[in-house]
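Here the structure comes first, spelled out in structure tokens, and everything after it is commentary.
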Amino acid sequence: MRYVILSKGDPKSEALKHKMMCHMQDFNMIEDAENPEIVISVGGDGTLLQAFHHYSHMLSRCAFVGIHTGHLGFYADWLPHEVEKLIIAINKAEFQVIEYPLLEVIVRYNDEGYETRYLALNEATMKTENGSTLVVDIDIRGQHFERFRGDGLCVSTPSGSTAYNKALGGALIHPSLEAIQLTEIASINNRVFRTVGSPLVLPKHHTCHVKPVDHGTILSTVDHISVKHKNVNAVQYRVANEKVRFARFRPFPFWKRVHDSFISSGESL
Ligand code: NAD
């Protein structure tokens with residue numbers, strides 16, 4: 001089994017990474033950062049997001065596992081004291097692979113033929129570069145839907161629905177549903193300006209285009225990555241064809257993770 005371990009870089013995560021690598025050697029596992037079958041992140045959800053972006057070019061060939069050295073994460077749900085059990089299970093290939101949908105983001109510029117493509121595991125947001133009001137036209141399936149004015153927009157995946165989307169009042173969506181969710185960030189609503197005000201859940205193949213009205217400079221985030229784009233004609237959002245694969249060694253249902261993260265970690269569902 002070829003593996004790679006990416007650590008958050010703090011002393012606790014680095015020590016755990018080192019301990020795991022010693023165990024892996026005992027099992028003749030091969031460290032292969034170029035072509036791993038298993039990508040193990042040690043840290044938190046942020047570390048797993050970084051690992052995802054590092055290996056996003058080979059998602060069909062690798063599966064991710066997250067170990068948390070801080071608080072329980074949505075993607076990082078293994079505890080440091082469980083790593084021996086985890087390594088044995090990896091070696092016995094005693095795992096299922098579960099797939100979660102991703103968001104595809106394509107930024108198109110006014111210079112025709114030029115575009116940038118991203119995949120998001122959690123979400124993508126659009127804001128202005130200086131915090132001024134974002135004014136954009138939103139089209140859904142080629143039809144004008146509304147003109148949005150406000151701080152920004154967030155488009156999330158089902159597994160990202162428990163992250164920024166949740167803080168914006170979006171719904172929590174089970175990752176078995178291939179969908180994306182569009183939520184508003186502080187829209188301006190009064191007698192003159194109007195937006196729908198509710199989060200929208202779009203199924204696969206319903207594409208959303210967001211077009212800057214005044215000028216084409218936007219600040220776009222994709223998960224933890226923030227990029228300024230100039231001269232933007234439109235940004236396209238839809239469910240990606242690619243999926244992220246997680247290696248599952250034991251059941252930890254999505255709603256149980258929601259319960260343990262947001263309600264109480266003491267009781268079970
Ligand atoms: P980070 O590591 O500090 O992450 C922020 C928090 O988001 C952490 O507590 C992490 O556990 C949690 N988180 C990440 N993915 C999650 C998920 N799918 N479900 C539930 N919680 C999740 O910061 P970072 O490394 O820059 O992470 C970027 C993420 O932070 C973004 O993808 C975004 O979802 C999140 N974020 C949240 C808010 C908010 O809730 N108001 C604002 C900005 C960004």
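Indexing begins at 1, ligand by ligand and atom by atom, following the structure's order.
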**For His71, atoms of ligand 1 separated by under 4.0 Å from a heavy atom** = 9 (O), 11 (O)
**Aromatic plane relationship, Trp255 with His174 - under 30° parallel, 30 to 60° tilted, over 60° perpendicular** = tilted
**Complete:** Interatomic distance, NZ@Lys228 vs OG1@Thr217, rounded to 0.5 Å, equals 6.5 Å
**Message:** Quick check against the 3.5 Å criterion: does Thr157 have a side-chain atom that pairs as donor or acceptor with the backbone of Leu121?
**Reply:** yes
**Request:** Could you please spell out the steps behind the ring pair (Phe, Tyr, Trp, His ring centres under 6.0 Å) verdict for Phe246 and Tyr100?
**Result:** CA-CA 8 Å; Phe246 290 100; Tyr100 282 178; 5.3 Å; yes
**Message:** With heavy-atom distances below 4.0 Å as the criterion, list the atoms of ligand 1 near Tyr75.
**Reply:** 18 (N)
**Prompt:** What are the atoms of ligand 1, with element, lying closer than 4.0 Å to any heavy atom of Phe74?
**Reply:** 17 (C), 19 (N), 20 (C)
**Asked** What's the verdict on side chain to side chain donor-acceptor pair (under 3.5 Å) for Gln50 and Ser41, showing C-alpha distance, side-chain angles and the deciding distance?
**Response** CA-CA 9 Å; Gln50 286 177 14; Ser41 81; over 6 Å; no
**Item:** Under-4.0 Å heavy-atom contact between protein and atom 42 (C) of ligand 1
**Value:** yes
**Fill in**
Ranking Val222, Val258, Asn122 by closest non-hydrogen atom to atom 15 (N) of ligand 1, top hit is Asn122
**Asked** Once you round to the nearest 0.5 Å, how far does CG of Leu103 lie from CD of Glu123?
**Response** 9.0 Å
**For Gly46, the ligand 1 atoms whose distance to one of its heavy atoms is below 4.0 Å** = 2 (O), 25 (O)
**Asked** Do any non-hydrogen protein atoms sit less than 4.0 Å from atom 11 (O) of ligand 1?
**Response** yes
**Message:** Checking contacts here: is it the side chain or the backbone of Ser159 that comes within 4.0 Å of ligand 1, counting heavy atoms only? Could be both or neither.
**Reply:** backbone
